[in-house]
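Notes follow the structure.
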Amino acid sequence: AEDTLKKIKETGTITLGHRESSIPFSYYDDKQQVIGYSHELMLKAVDAIKAELKLAKLDIKLMPVTSSNRITLIQNGSIDLECGSTTNNTERQKQVGFSTTMFIIGTRLMTKKDSGIKDFPDLAGKNVVTTAGTTSERLLRKMNEDKKMGMSIISAKDHGESFLTLETGRAVGFMMDDALLYGEMAKAKRAGDWAVVGAPQSYEAYGCMMRKDDPAFKKVVDDALTRAMTSGEVNKIYDKWFMQPIPPKGLNLDFPLSDAMKALYKSPNDKAYE
Amino acid sequence: MGYNWNWGVFLQPSATGGDTYLGWMFYGFKMTIALSLSAWMLALATGAVVGVLRTVPNKGLSGIARAYVELFRNIPLLVQLFLWYFVLPELLPTSLGNAYKQSNPLAQQFLASMVCLGLFTSARVAEQVRSGINSLPPGQKNAGLAMGFTLPQTYRFVMLPMAVRLIVPPLTSEFLNIFKNSAVCSTIGLLELAAQGRQLVDYTAQPYESFIAVTLAYLIINVVVMFSMRWVEERVRVPGYLGGK
Amino acid sequence: MISIDNVSKHYGSFQVLADCTTQVSKGEVIVVCGPSGSGKSTLIKCVNGLEPFQKGEITVNGVSVGDPKTNLSKLRSHVGMVFQNFELFPHMSIIDNLRIAQLKVLGRGMDEATEKGFKLLDRVGLRVQAEKYPGQLSGGQQQRVAIARALAMDPICMLFDEPTSALDPEMVNEVLDVMTELAKEGMTMMCVTHEMGFARRVANRVIFMDQGRIVEDDSKDAFFEHARSERAQQFLAKILHH
Amino acid sequence: MISIDNVSKHYGSFQVLADCTTQVSKGEVIVVCGPSGSGKSTLIKCVNGLEPFQKGEITVNGVSVGDPKTNLSKLRSHVGMVFQNFELFPHMSIIDNLRIAQLKVLGRGMDEATEKGFKLLDRVGLRVQAEKYPGQLSGGQQQRVAIARALAMDPICMLFDEPTSALDPEMVNEVLDVMTELAKEGMTMMCVTHEMGFARRVANRVIFMDQGRIVEDDSKDAFFEHARSERAQQFLAKILHH
Amino acid sequence: MYELYEFDWSSIPGALPFLWQGMVVSLEITFVAVVFGIVWGTALAIMRLSSVTPLSWFAAGYVNLFRSVPLVMVLLWFFLIIPHLLESLLGFPRGTDMRLGSAIAGFALFEAAYYSEIIRAGIQSVPKGQMAAANALGMNYRQAMQRVVLPQAFRNMVPLLLTQGIILFQDTSLVYVSALADFFGAAYKVGDRDGRLVEMLLFAGAVYFVICFAASQWVRHFQKKLKTA
Ligand SMILES: Nc1ncnc2c1ncn2[C@@H]1O[C@H](COP(=O)(O)OP(=O)(O)OP(=O)(O)O)[C@@H](O)[C@H]1O
Ligand SMILES: Nc1ncnc2c1ncn2[C@@H]1O[C@H](COP(=O)(O)OP(=O)(O)OP(=O)(O)O)[C@@H](O)[C@H]1O
Ligand SMILES: [Mg+2]
Ligand SMILES: [Mg+2]
């Protein structure tokens, strides 16, 4: 396997992958600067790497990635570390490595407040949207088959497109990671019209992605994340992104810390849910 | 490069159960074919009419045809697709728009893709038809009229049969383009070949296998189209006419 | 039969025809000649309305060509026309070339049209080529087919626009022979051509054009013996000298 | 000067030239005629190596054309050639057309090339057109420029391939006049042409070709008075009749 | 009851600098790909027409391969493979941001296939007699090509080459596959971020239309001028 640390030391550079609109994890603000919860944690990891290698100066290069190219870019060495909203699951573990989990989401549903849809069973026979390539898409399709609900499922290219589909009335519900749903709400024209409802269909662990079988590198990243969580530092970061107004519109997601997250912060681990 | 090749991935059952990933690819392949062929029909029919109108003496008609061509030629396909799919239903009267948007999403995606690809290509077909007609010897039109044919009859019996033969080779490349351009339709969620390829990457994290398979599938389509168009060319070749040119 | 009265035509500011006047009576053969660009083709195309004109009047068999109410298609179906580049329809066999307008314009039946087609192919000596395509014939043969095609419509008069100038020299005569025979049978003909031998043998009158004007309009003998205008004399000298 | 010895050429199985043999001595003018497709153009193009041939030998001024060791470009620069469609370079002015090969092939200086160019334009009567482009001249004028362009290379002999057959009848003579003058000055010339008047006035010998063979190779008078082969007699009859 | 879509154009003014950056990327790709495509395309066309069989086969294979695959796929391939190649061939440090480089390379090599077909047709549109005439004056193949055939071929081709350039400019919108912010990508990202996709798409469409329409009018005008000259 590769020795990422050695490479970083030799080149004095680290290339980070980030998302462009995964609010509030990793996205551009209106000045095209990358911000977000995952991004701040990633920077913590970078600081740890710099300290570990005893580098006076470490150049950071940022490269935006999409859900379809992020794995390949890690593998072919274009980026060294990606912290965004990437789910850690066993399939992906065959191709890439994951750090300690930094967030746990439940997959839920966003609907219009006055639509009368309160939970997944209400969706039977309706049009429902989700983002292509996500775990939600799988769960939704499986639910549709298993329970013979007769939904028409729209797989949109990205979250923005999914929300547009919901907003324009093409679909009555948008199934996605709850945190991201709140994020989409944050940019809606009329945030007050929308609600996140329904029982979580699954829980998923977000981790930072890196090359497989590089224990030294993984350890530095893991230690940095663990330290941030156990020291309570992470609570400030969480507060900043989930309980306070955030760019671009200054909306407050109002997404309190879940029990699963509290447990995570107490004893960090890198296990995939499933 | 630390990559685990795994061609067996195509035979694995897919993550949502039921089908294998190969089955997914095949579904995408069929979707690409169905979409491209139906869009091609639309492009040929519309393009032929607009192309003919561009050459008629009536200034008003040819002006309208020209505006049509310019409109569809000068906006990128990707943008047109978004406009058809997302923007146009918003401009319909509310009740009609809503009824449309509540209908089967696959039908909506297919319809938008077909209309978009078809009309985008029709502008190009129209240009080919026009240049085919214009490259006929000018005497042919006069000869038709001088026999007592009306202008529509002259088009029907004299100019179009030859013009159509002349444009078979350039139309071949438009026909190929429509298959290639259909890859763009994955951006509105239509699960055609390129989209299934990307889904495969998302679900199996085996990007190289998937890309290679998709590229091969396009090559196959290409070869089939080229041979069938060459067959058409051969079939319509006029005896004694140099190389059909 | 054909009367051209004070016809003028221009493209923008460029005058192609200037006050052209002449008549062709039934059975007459008129040869039109003149330097390149003098308006010969334009004049002859005005006669069956293929070119519009801005001033004057042309009538064919009493029907005004310039009148917007005239059914031009109908008029043209009675006026045969033969072009410099033959303009056979390359995607149809020879016999189909002869049939198509009979079927679609005159509304004749298939049998009648076929019979007529073969009769005319016989006449121009090309019956055995009936199933071939135009591209498979020599230029001279194509032009003979084109004449047959025009005759298939039973025209009341024939217009020729340099029918031999795109031909190899060897093939000129086979076409001129067909035209000569046609003239002898009494067909009214207006021919743009530089074949002065043909003019001498067959024409009743010769028209000489220059810069859009009809400069000479004379009986054949008067034209060849003592053309009045200097331009025509020069032209004849150049054409006949070699 | 030019000796053609037993030359044969075929495209695949189609024989274009079959055992052609003839000579052109210095100062001689030879006219080559024959029906379309008989191989006239091919023969003349073989002389300066524009077409390769499979059998036989051609020498020009003692240099073998078919020999792979021969510098064909050099040979061609001494042999002037004039084409049916003029083939002036449309993107260059007339004077540039006359200069380009002098500069790039003969390596002459700009001044010398320009002077030579103007002298030859004078000679063909086109000095005032020097700055125009080919597209702005009439066909006859273009062909005269093409002759001047060939002469600018100081050729030892000239080849003409139907130099007048793409011209309007009026313009034929202005080109033939230039050629006649050239012949009078003693230029060695090989001309494919159907202008029998020119052949009668200027040629020393006439070669008649049919189906790739040289069927007649006679002095002018012998050819016109009593052509031996039936094919040549037919051909002459067709060409001269009208 | 849903209401008619409410348009809200307010995010455009603030996004203009970012959109302009995107436009610069689009133009950069177009420009480099056109220049490189014409140069490499000319070489391919000459190879294709040459009598040396391996050369003409290579050119034919190259052109046919690139013309069979969707541009989107080519760009993806280039995005994923070129970085590797460059790293190993030229010793670039790993992780260099090569999105722009690989997009440009992908476009240039792809467009060269199309340009070579245009140029080949252009060369073949020059009457054969021109080459013969140049040879008859003693010019060799290179001189005849350079002084006589190619100048005329290019003159005949200019409108087609420019039109292909306009198509190329439109196709730059496809670089969204590599998350590179060209003009369309920038508009899309702004629209996504602000929840104003519909407006930004309409705006992008209008901008493309104005630019491409103006450019194609100019090409027509230019074509007319060439014809009369
Ligand atoms: N569509 C047009 N627009 C402008 N000028 C035209 C057009 N058609 C013909 N002309 C001009 O009209 C003049 C007469 O043309 P016409 O074809 O009648 O001449 P012509 O006597 O038949 O010559 P030729 O012997 O070369 O056939 C020419 O100068 C020609 O350039
Ligand atoms: N590249 C080629 N491939 C095959 N056949 C050819 C080729 N070039 C010429 N020919 C054939 O060779 C024969 C002689 O052609 P050539 O041009 O020499 O005839 P020509 O006597 O000059 O006729 P024309 O009077 O029509 O110019 C013709 O039958 C022609 O079809
Ligand atoms: Mg004319
Ligand atoms: Mg010839």
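In this text the structure is predicted, and so the values were computed from the model without any measurement. So that the names make sense, note that chain A is the first sequence line, chain B the second, and so on, each numbered from 1.
Counting only heavy atoms from C-beta outward, the side chains of E/I167 and B/R124 approach each other to under 4.5 Å. For the pair E/L65/B/L219, a side-chain contact is recorded, criterion being any heavy-atom separation below 4.5 Å from C-beta on. Side chains of E/S68 and B/M226 form no contact here, defined as non-hydrogen atoms less than 4.5 Å apart. Side chains of B/V79 and E/Y208 form a contact here, defined as non-hydrogen atoms less than 4.5 Å apart.
Between E/S173 and B/L78, the shortest heavy-atom distance links the atoms O-CD2, 3.6 Å. Nearest heavy atom pair, residue E/P70 against residue B/K180, reads CB-O, 3.7 Å. B/I75 and E/Q170 make their closest contact through O-OE1, 3.5 Å (heavy atoms, listed as atom of the first residue, atom of the second, distance).
Counted within 6.0 Å of CH2 on B/W7, heavy atoms from surrounding residues, nucleotides or ligands total more than 12; the atom is thus considered enclosed. Heavy-atom contacts from other residues, nucleotides or ligands closer than 6.0 Å to CZ of B/F26 number 12 or fewer. Enclosure of atom CH2 in E/W9 by more than 12 non-hydrogen atoms of other residues, nucleotides or ligands within 6.0 angstrom is indicated.
The candidate with the highest count of non-hydrogen atom pairs below 4.5 Å against chain E, out of B/V184, B/L71, B/N222, is B/N222. Contact count versus chain E (heavy atoms, under 4.5 Å) is highest, among B/I212, B/L77, B/V225, B/N181, for B/I212. Annotation: maximal heavy-atom pairing with chain B below 4.5 Å, among E/A206, E/A204, E/A215, E/G205, occurs at E/G205.
With a threshold of 4.5 angstrom between heavy atoms, E/Y188 approaches chain B through side-chain atoms but not through N, CA, C or O. Looking at E/Q217, only its side chain comes within 4.5 Å of chain B, counting heavy atoms on both sides. Contacts between E/F203 and chain B at a heavy-atom distance below 4.5 Å are absent for every atom of the residue. For chain E, the nearby parts of B/N74 are the backbone and the side chain; heavy atoms of each come within less than 4.5 Å. Contact annotation for B/I221: neither backbone nor side-chain heavy atoms come within less than 4.5 Å of a heavy atom of chain E. Residue B/S182: no heavy atom, backbone or side chain, is found under 4.5 Å from chain E.
Going from atom CG of E/L197 over to atom CZ of B/F86 covers 7.0 Å, rounded to the nearest 0.5 Å.
Formation of a donor-acceptor pair under 3.5 Å by the B/E70 side chain with backbone atoms of E/F209 is not found in this model.
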Begin with the C-alpha distance, continue with both residues' side-chain angles, and end with the deciding distance and a verdict on side chain to side chain contact (heavy atoms under 4.5 Å, CB included) for B/L193 and E/M73. CA-CA 11 Å; B/L193 190 51; E/M73 295 294 298; over 6 Å; no

